[in-house]
Every structure is written in C-alpha cells, then in structure tokens.
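These figures come from a predicted structure and were not determined experimentally. Here is the naming used below: chain letters follow the sequence lines, and residue numbers restart at 1 for every chain.
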Amino acid sequence: MKNSLKQEFYKFRHQRIPLYGAVALVVLMLYAAVSSTGVNRMIIAQGFGAGQWITIIMITVASTFVAMEYQNRTIMTLFYKSSNKSAIYFAKLIVMLIYGVLMLIFGMFLTVILKAVMVGGKYRWGEPYGQHRLWIDLLLNTTGTLIYLIFIIAVAFLLIVLIRVNAAVVGIGLVIIFMGADFSSLVMSALPHFGAIIKWNPLNMVFVINQLANSSYEKFSNLSLPQIITGNLIYAVIFIAIGDALFKSRRV
Amino acid sequence: MLKVSHINTFINRKKIIKDVSFQVNSGSIVGLIGPNGAGKTTIMKTILGLTKFTGNISVEDKTVTENNHAALTRVGALIEHPAIYPFLTGLENLKLYSLDEADMNNIVSMLKMDAYINTKSKGYSMGMKQKLGIAIALLNKPQLVILDEPMNGLDIEATILIRKIIKQYAAQGSAFLISSHVLGELQKVMTNVLLITEGKIIVDEPIDEFNRVSRQQYHLLTEDMPTTEKLFAENQIPVTKSDDYLVIPRKLSDQVQELLYSHHIRLVELSPQGLNFEQTVVSLLQQQRRQSHEK
C-alpha cells in the first residue's frame with residue numbers, strides 16, 4: 001500500500017491535470033462572480049459556486065486518473081508489480097481525496113480574494129446573518145461539498161472501472177450533478193406514496209452541499225441532516241466496495 | 001526458478017490454456033513460440049497473476065495467485081506493449097519502479113538511452129518506447145524476465161544490443177521467458193524451446209536437442225505422390241509437406257520403404273535432410289494440427 005501510494009502521488013504530481021483543475025476553478029469562480037447580477041451574501045457563502053465547480057472538476061480528474069492506466073496500457077504493470085490490486089485502487093482514491101481537500105481549501109482562499117475585490121468590506125465575515133455568520137456558512141458549505149466529494153469520487157471510480165470511457169463518465173457525472181437533484185425531486189413529487197424510499201436514492205445526495213449551512217434544503221431532500229450525511233457516506237462505501245471488486249476482477 | 005504445473009486458464013469461460021506444465025531455470029532463456037492465438041501471451045499473463053487460472057505457479061518456491069503477487073517482486077515483464085506514462089520522461093517512468101538508482105542508471109547507459117531519457121516519453125518513437133519497456137522489465141536485478149515480442153519496432157542495432165543484454169543478464173543468473181514471431185532472432189538467444197499450439201505445449205526441450213531431432217528427417221519423393229500420401233494417412237505415418245517432397249521421421253524410413261514396396265510405388269528419392277529451425281517448427285505445428293483434426 002505504501003509503495004502504491006508513493007507511485008500514485010508521483011504520477012499525479014507530474015501530470016498537468018491537477019493544475020488545469022485549479023485553473024478551471026479560478027475561471028469558473030470568476031465567471032460566477034462577474035455573471036451574477038450583484039455579488040450578494042449567499043453567493044459568497046457558497047464560495048462563488050466553488051462546491052459545484054469542484055465537484056465537476058473532481059469527476060473529470062478522478063476518472064482521468066484511473067482511465068489513464070487503461071489508455072496507456074500501464075494497468076498490467078501496475079497489477080503484477082503490486083502485491084494486491086486493492087492497494088492500487090485505494091491509493092488512487094486517497095490521492096483524489098487529498099486533491100479534493102486541497103481544491104476546497106483553494107476554493108475558500110479564492111472566495112476570500114474575490115469577495116475583497118468585488119465587494120470589499122460590504123459583507124463582513126463575522127457578521128451574523130440568518131442562521132450563521134458568513135464565514136461559518138462558507139465553512140459549512142465547504143464541509144458539505146467535502147462529504148459530497150467522497151460520494152462523487154466513489155461514483156467516478158466505479159463508473160470508469162465499469163465503462164472505461166472517460167468522456168462517458170464525465171458526461172454521466174455532469175448529469176448527476178446538474179440534473180440529479182431536479183430528477184430526484186420530480187420523482188418524489190410524482191410518487192408521493194414511495195417518498196420514504198425514494199428520498200434515499202443516490203441522486204438526492206447532492207443536497208448535502210447546501211443543507212449543512214441552510215437547513216431549509218431539507219424540504220427538497222426530504223432527509224434530515226444526519227440522514228443525508230449518513231446516506232452520502234454509506235453510498236460512498238458501497239460504491240467504493242463495488243468499484244474495488246470490479247477493478248480486481250476485470251480482465252486486463 | 002519458475003515452475004508452472006498443470007495450469008488451465010479461462011477467458012470468458014473458454015479454456016485457453018490446457019493443462020500446461022513447464023519450468024524455467026536460472027540462467028536459461030526459454031523461447032515461447034507458436035502461431036497467433038496459440039496462447040503465448042495468455043501464458044505470460046497467467047504467470048504474472050493477471051488471469052483466472054487453476055493449477056500452480058511458483059517463482060522461487062513462492063506461489064503466485066491472481067490476487068497475491070508477493071512472489072513477483074523480482075520479476076520484470078514487457079507484455080504486449082511498453083507500459084509507459086506519456087506525461088513522464090523516460091527516467092521518471094523508470095524511477096516509478098526502481099529500487100536502486102545505480103542499477104537504473106546502468107540500464108539506461110547499457111540500452112544507450114542517455115540522449116533522450118530526460119525528455120517526455122510521449123515524443124518517443126516506437127523503438128524508443130520498446131527500449132524503455134525493456135528497461136522497466138530489467139529494473140531491480142530481476143530473477144525472471146518475461147518478454148512478449150521484445151524486438152517489436154527495434155532497428156537492427158537495437159536488436160543486436162537487446163540480444164547481447166539478454167545473454168548478459170542470463171549469464172548473471174536471470175531467467176528469461178521470451179515470445180517472438182521472429183524465430184530467427186529468438187533462435188540466436190534461446191537455450192530452450194517451448195512450442196505451444198491450441199493452448200498446449202507440444203515441445204519442451206533444450207535448443208540443442210530440438211536441433212538434433214530436427215535433423216533426423218528424410219525427404220521423400222515417389223512416382224505417385226497422391227497415392228503415397230493416401231497410403232501414409234491410412235497407415236498413420238506422420239508426414240509433412242515441404243515443396244514437392246514429403247518429410248518423414250528418420251526412424252520410420254525402413255517402414256516407409258517396405259510400405260511403398262508392398263504397394264508397388266516406385267521410390268524416386270529418399271534423402272536425409274536438415275530442416276532449419278523455422279521449417280521444423282512449421283512441420284511440428286502441421287503434424288499437431290493434423291492430429292487434432294483427426295481426433
């Protein structure tokens with residue numbers, strides 16, 4: 001495991017994709033800042049959409065990080081040189097989680113800069129407003145994104161092992177992020193009798209990004225805060241376990 | 001060094017390798033040869049624990065399973081294509097697996113890769129990539145090296161160099177299992193022959209013995225070749241065709257002469273022939289195919 005981790009970190013830091021991910025985050029947050037009618041407290045608390053952008057970036061980066069082994073045909077060398085195949089899978093997962101955390105920290109840092117540039121001292125970080133102070137809202141939204149990142153990285157890993165086509169995984173990921181919540185709400189309202197079961201569907205898990213800071217999101221997700229956090233983590237564990245089993249068993 | 005006992009490999013529930021057993025000893029260079037689809041690459045992948053299999057594989061008495069590759073720590077391999085990350089330089093690709101920097105630098109010099117080893121490997125030619133793939137296989141002083149078509153894409157100078165390096169490593173005790181379609185190249189390095197067809201090993205012997213046996217053949221020409229062929233088939237005499245001649249094992253020459261005489265077929269020529277390596281391989285494969293067909 002130690003050797004696999006060392007190898008995966010080595011590969012990751014020699015790639016350009018982590019840098020591209022960070023650049024993409026800067027561009028997308030800037031876009032969110034300038035395209036909104038006016039920078040308000042909510043957009044600052046949501047880190048200029050950092051949560052959503054980082055989720056999209058992470059799907060792309062995570063699936064590419066696994067797909068490259070199949071594309072470069074390095075998977076066989078990795079497999080025979082590793083004492084067990086799970087070590088490779090989990091090493092990649094850990095690298096992605098660390099990159100995700102770093103991206104979240106970078107997103108918060110950019111939020112502070114963008115706020116200072118765009119509105120100066122108009123909204124104070126320590127000023128109480130609504131449920132929390134502004135900095136606490138930002139921190140809670142970032143924590144919500146972190147929980148969802150664990151879920152979405154697990155999904156990306158499972159999908160890339162299953163279909164091995166990077167573009168397809170990114171496409172499915174985007175559908176999950178952008179349309180998953182709407183689709184889930186639609187199904188729940190169309191089938192109210194099954195609401196108690198449908199609310200646990202994986203597409204509903206995206207609400208965790210906002211629900212930590214804003215409890216009113218509970219009426220969209222129909223899940224309490226502990227439920228949606230647990231749901232995300234349980235799904236992540238299930239997807240990781242299935243992904244690992246597939247990764248080990250698929251022919252190379 | 002490497003012991004393969006009664007392995008059966010299945011791909012999509014189809015048995016590809018059928019009850020194969022062989023050994024590769026330290027210092028030996030075993031040539032794994034056979035037609036396309038015979039199972040050469042599958043055997044190599046199986047040894048590396050990359051396929052589902054039954055039977056037993058061990059390296060230095062440590063067992064290899066599909067999910068436990070601890071026995072492969074000192075095994076190097078190049079299977080199908082060089083496993084290279086294009087965003088890394090040649091040296092970075094080597095560093096990824098190297099445990100000994102001096103050994104790594106030595107391999108780079110030996111393979112004459114110094115000029116381009118610090119450039120990104122995405123710009124490498126096919127031959128450069130192939131050399132890098134071989135360099136990865138030779139890292140960390142391997143006890144066993146498995147090379148699948150190692151001469152692919154190499155120019156003549158590189159081919160001679162690789163051949164020399166293989167012999168040098170073997171002299172130091174490394175064992176090699178090499179497959180190649182270029183039999184002439186393989187013949188120049190190998191100490192043992194493993195001939196495989198339809199997932200089964202049909203020859204497993206030292207190259208000297210193989211060459212000796214291959215010379216024990218006769219070329220036969222009669223006045224009525226179609227009747228002769230029919231007659232041999234009826235009497236289960238193993239023959240192969242070579243141009244206008246039939247090739248028969250030397251040990252059966254007396255029996256063949258008697259048979260022709262009793263059927264009043266006039267013998268035009270019966271002469272001892274030394275088949276070359278390729279002809280012998282083709283001849284053996286033809287015999288095997290005919291036997292399978294008859295079954």
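Considering only heavy atoms from C-beta on, A/K85 comes within 4.5 Å of B/E66 through its side chain. Using a 4.5 Å heavy-atom threshold, the side chains of B/N67 and A/K248 count as touching. With a 4.5 Å cut-off on side-chain heavy atoms, B/K45 and A/F79 do not count as touching.
Residue A/S86: no heavy atom, backbone or side chain, is found under 4.5 Å from chain B. Contacts of B/L88 with chain A are made by side-chain atoms alone, with heavy-atom separations under 4.5 Å and no backbone atom involved. If you measure heavy-atom distances from B/N12 to chain A, the contacts under 4.5 Å come from the side chain alone. Proximity to chain A (any heavy atom under 4.5 Å) is restricted, for B/E80, to the side chain, taken from C-beta onward. Of the two parts of A/K11, the backbone and the side chain both hold a non-hydrogen atom closer than 4.5 Å to a non-hydrogen atom of chain B.
More than 12 heavy-atom neighbours from other residues, nucleotides or ligands sit within 6.0 angstrom of NZ on B/K120. For A/Y31, the OH atom sits in a loose shell: 12 or fewer heavy atoms of surrounding residues, nucleotides or ligands are nearer than 6.0 Å. No more than 12 heavy atoms of other residues, nucleotides or ligands sit less than 6.0 Å from atom CZ of A/F109. The local environment of CD in B/Q172 is crowded, with over 12 non-hydrogen atoms from other residues, nucleotides or ligands closer than 6.0 Å. Annotation for A/M1: atom CE counts as buried by contact number, over 12 foreign heavy atoms lying within 6.0 Å. Other residues, nucleotides and ligands contribute at most 12 non-hydrogen atoms within 6.0 Å of the CZ atom of A/F183.
Minimum interatomic distance between A/T74 and B/I84 (heavy atoms only, all atoms of both residues): CG2-N, 3.6 Å. Shortest non-hydrogen contact noted between A/R73 and B/A83 is O-CB, 3.7 Å.
Across B/I136, B/I11, B/T51, the residue that shares the most heavy-atom pairs under 4.5 angstrom with chain A is B/I11. Of the listed residues (B/A137, B/A70, B/A77), the greatest number of heavy-atom pairs within a distance under 4.5 Å of chain A belongs to B/A77. Ranked by heavy-atom pairs shorter than 4.5 Å toward chain A, the options B/P86, B/A71, B/G49 are led by B/P86. Between chain A and the residues B/T73, B/V75, B/N93, B/T89, the largest count of heavy-atom pairs under 4.5 Å involves B/V75.
Each of A/H14, A/Q15, A/E69 was scored for a side chain to side chain donor-acceptor pair (under 3.5 Å) with B/Y85, with one residue passing: A/E69.
Both the sub-6.0 Å distance and the 45° axial angle are not jointly satisfied by B/K95 relative to the ring of A/Y10.
Within the 3.5 Å criterion, the main-chain N or O of B/L50 finds no donor-acceptor partner in the side chain of A/Y80.
A/K81 and B/Y97 are not linked by any side-chain donor-acceptor pair at a separation below 3.5 angstrom, with hydrogens and angles left out of the test.
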